[in-house]
Amino acid sequence: MDVIDFIMLKEGISKHEAILKAQSLLGEVPVVPSVLVSTPVVKAEPIAVDIAFLERMFSYFHNCLFNSHPALDYLDSRELDGKSAASCPPSSNRN
């Protein structure tokens, strides 16, 4: 716990208000009264995902897995069959 966390808990205020309070204790910034201001919540638009790019990346790493001796040793150590993992189609839909 640092000083800011202590002020937050002791005063029951937000982190920003605690920082301002700590600065005011140092004499740098006057204390701003704690006022709850409701800010409108803006919903972010969903990020468009380039499906073709993700499929290419999956295929790349899927192929790299079976060309990597450490990866194959790991599969063996976990008692996983590399052939069954290889049968997973790169463009499978996992919904």
Side-chain angles (χ1 to χ4, degrees):
M1 178 184 295
D2 62 8
V3 175
I4 302 301
D5 290 332
F6 177 79
I7 294 172
M8 284 173 51
L9 292 173
K10 183 74 174 161
E11 301 287 329
I13 57 179
S14 70
K15 188 165 203 120
H16 177 72
E17 293 168 333
I19 291 170
L20 294 175
K21 174 84 173 186
Q23 287 177 338
S24 72
L25 293 173
L26 294 173
E28 295 178 11
V29 177
V31 175
V32 176
S34 175
V35 177
L36 295 177
V37 177
S38 63
T39 57
V41 177
V42 178
K43 293 184 179 180
E45 293 293 322
I47 298 172
V49 179
D50 186 359
I51 302 298
F53 172 75
L54 293 176
E55 286 179 348
R56 286 193 310 270
M57 292 300 295
F58 180 83
S59 295
Y60 172 78
F61 287 112
H62 184 259
N63 292 331
C64 287
L65 174 67
F66 300 104
N67 294 324
S68 168
H69 292 291
L72 293 173
D73 292 341
Y74 174 77
L75 288 175
D76 288 338
S77 73
R78 301 290 297 198
E79 297 181 9
L80 297 172
D81 182 19
K83 291 179 184 175
S84 64
S87 68
C88 177
S91 62
S92 66
N93 196 357
R94 297 185 173 116
N95 291 337

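Each residue takes its place number in the sequence, starting with 1.
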Result block: side-chain N/O donor-acceptor pairs under 3.5 angstrom for residues 68-75, not counting sequence neighbours:
unit_1, atom_1, unit_2, atom_2, d
S68, OG, A71, N, 3.3

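- The same ILVMFWY cluster, assembled from side-chain heavy atoms under 4.5 Å apart, contains both F61 and L54.
- A distance of 8.0 Å separates CD1 of I7 from OG of S24, quoted to the nearest 0.5 Å.
- For D2, the side-chain contact (heavy atoms from CB on, under 4.5 Å) criterion is met by I4, D5, not counting sequence neighbours.
- Put simply, the side chain of E11 does not reach to within 4.5 Å of the side chain of E17, judged on heavy atoms.
- Scanning for side-chain contact (heavy atoms from CB on, under 4.5 Å) contacts around F6 gives M1, K10, with sequence neighbours left out.
- Of all heavy-atom pairs spanning A18 and M8, the tightest one is CB-CG, 3.4 Å.
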